[in-house]
> 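Sharing a structure here in structure tokens format.
Chain naming here is simple, since letters A, B, ... match the order of the sequence lines and numbering starts at 1 in each. Everything numeric in this text was worked out from a predicted model, so none of it was measured.
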There are 2 protein chains.
Amino acid sequence: MRMGEGVEWGLHCCLALAWLEDEAPVPTGRLAALFELPPVYLKKRLQSLVRAGILDSVPGMRGGFRLARPPAEITLMDIVAAVEGPDDAFRCTEIRQRGAGAEAPAREFTRPCGVATAMRRAELAWRRELAAQTVADLLSVSPSGAPGRVRRHYERRSG
Amino acid sequence: MRMGEGVEWGLHCCLALAWLEDEAPVPTGRLAALFELPPVYLKKRLQSLVRAGILDSVPGMRGGFRLARPPAEITLMDIVAAVEGPDDAFRCTEIRQRGAGAEAPAREFTRPCGVATAMRRAELAWRRELAAQTVADLLSVSPSGAPGRVRRHYERRSG
DNA sequence: GAGACGCTACTCGGATAGTGTGTGTCCGAGTGGAGCGGG
DNA sequence: CCCGCTCCACTCGGACACACACTATCCGAGTAGCGTCTC
């Protein structure tokens with residue numbers, strides 16, 4: 001099981017957007033320069049965040065992205081779900097009903113699969129932990145010098 | 001983020017092996033027939049469980065697989081880690097040190113990345129929940145008729 | 001008749017192809033500003 | 001000099017190739033049982 005790198009990018013970009021806390025939208029190129037990421041592909045990932053309502057996008061010149069909500073109202077779960085998709089990691093294909101299970105009475109399968117339930121329980125714990133952390137929490141634990149440095153780096157390139 | 005189907009197979013197979021609780025090893029073909037799974041590919045997955053020390057494999061005729069430990073000592077975490085690999089789902093590539101971060105003093109990076117820490121926290125909750133559940137727990141929540149049915153199905157094919 | 005040898009059938013184990021989901025890129029739609037012309 | 005129009009540069013949005021990992025498979029190594037040959 002592996003998580004796409006777009007999750008890391010999305011998290012750091014949301015954090016950077018919170019640091020910049022600018023009214024003006026931040027274009028993809030500038031955001032990519034902050035982390036030396038491939039600009040076009042980063043844009044594709046940010047589009048996922050827009051579709052999820054986490055970012056607002058402004059088209060046209062002087063356009064770009066900005067946070068759609070205050071950092072305290074953006075959970076890590078929101079970002080992960082937006083980038084990786086809403087599907088559960090563990091997918092139950094009901095193999096219990098195949099083979100030997102085909103001979104079982106149908107009422108036995110009205111209850112959900114015990115294996116799937118156990119896996120789902122663990123995944124819910126993961127989701128709950130992600131939902132309990134917001135971008136604002138990331139702000140509070142970030143190094144004190146980071147926001148100013150990002151802002152300087154950003155304004156330098158904006159000329 | 002998606003989890004391979006081998007995890008579901010591994011879990012159900014361990015459960016079936018616990019149901020059969022047989023001294024004689026169970027060959028791949030019989031195990032695959034219990035769930036109508038592709039036998040050869042299932043065998044490849046079971047090999048992962050053998051490498052992890054969850055199953056014992058007996059080569060040669062009358063060979064097969066059997067649980068290496070009592071069901072109560074096999075956690076779901078063991079099985080998931082064996083099939084999916086030990087790597088964390090979220091991989092921190094330290095993009096905080098690139099771009100704007102390159103200008104930061106090195107001592108700022110002695111502390112781990114806050115984003116990675118938050119993600120790791122959630123993943124640890126997931127792992128903890130998986131480690132708290134054992135195959136024995138799955139046995140206790142399974143339908144009462146399932147073990148006997150699997151055993152009958154198995155012995156029927158074994159002639 | 002008993003024992004030992006060899007053969008065969010059947011199993012795990014690792015190396016080998018096909019396919020689907022990311023990964024990375026490109027071009028089109030839309031917008032704000034600057035330059036130019038007219039009043 | 002001021003206003004409006006036109007053109008252009010720059011941005012997001014969705015459609016298009018490429019790569020790696022998962023899926024699926026085949027052949028080789030090893031073992032238990034059985035038949036046969038010999039004593």
> Of B/E84 and B/P59, whose closest DNA chain D nucleotide lies nearer the 5' terminus?
B/E84
> List the steps and the verdict of side-chain hydrogen bond (donor to acceptor under 3.5 Å, both in side chains) for B/E8 and A/T93.
CA-CA 8 Å; B/E8 185 184 13; A/T93 61; 2.8 Å; yes
> Give a yes/no answer on whether the side chain of A/S57 brings an N or O atom under 4.0 Å of OP1 or OP2 in D/dG13.
yes
> If you only use heavy atoms from C-beta on, which nucleotide in C/dA9, D/dC12, D/dC22 is closest to the side chain of B/R45?
D/dC22
> Whole angstrom is fine here: how far is it from CE in B/M3 over to P in D/dA21?
18 Å
> For B/L46 and C/dG13, give me the distance from atom CG to atom C1', rounded to whole Å.
13 Å
> Out of the candidates A/K43, A/R45, A/K44, only one should pair with A/Y41 under the side-chain hydrogen bond (donor to acceptor under 3.5 Å, both in side chains) rule; please name it.
A/R45
> Rounding to a whole Å, what distance do you find between A/K43:NZ and C/dC27:C1'?
10 Å
> For the side chain of B/R51, counting heavy atoms from C-beta on, which of C/dC12, D/dA24, C/dG14 is nearest?
C/dG14
> I would like to know whether A/T75 and A/D78 meet side-chain hydrogen bond (donor to acceptor under 3.5 Å, both in side chains); could you show each step before the answer?
CA-CA 5 Å; A/T75 70; A/D78 295 332; 3.0 Å; yes
> Specify the separation, in whole Å, of atom CZ of B/F65 and atom C1' of C/dC10.
14 Å
> Select from A/G60 and B/M1 the residue whose nearest nucleotide in DNA chain C is closer to the 5' end of that strand.
B/M1
> It should be established whether A/Y41 places a side-chain nitrogen or oxygen under 4.0 Å from OP1 or OP2 of nucleotide C/dT23.
yes
> Do A/E73 and A/T134 have side-chain N/O donor and acceptor atoms under 3.5 Å apart?
no
> To the nearest Å, give me how far apart CD (A/Q47) and C1' (C/dG30) are.
14 Å
> Closest to the A/M61 side chain: C/dT31, C/dC12, D/dG13?
C/dT31
> What is the distance, to the nearest angstrom, from the CH2 atom on A/W9 to the P atom on C/dT23?
8 Å
> For the pair made of CZ in A/R66 and P in D/dT11, what is the distance, rounded to whole Å?
16 Å
> Within this structure, what is the CD1-CZ distance for the pair B/I74 and B/R69, rounded to the nearest 0.5 Å?
5.5 Å
> Compare the minimum distances between each of D/dT25, D/dT31, D/dC12 and the side chain of A/T28, then state the nucleotide with the smallest one.
D/dC12
> Measuring from the side chain of B/P38 (C-beta onward, heavy atoms only), which nucleotide among C/dT11, D/dT11, D/dT25 has the closest atom?
D/dT25
> Classify the nucleic acid contact of B/G63 as base, sugar-phosphate or nothing, counting any heavy atom under 4.0 Å across all strands shown.
sugar-phosphate
> Which nucleotide wins on minimum distance to the side chain of B/K44, given the candidates C/dT16, D/dC12, C/dT25?
C/dT16
> Please report the distance, rounded to the nearest Å, between CD in A/E5 and C1' in D/dA21.
14 Å
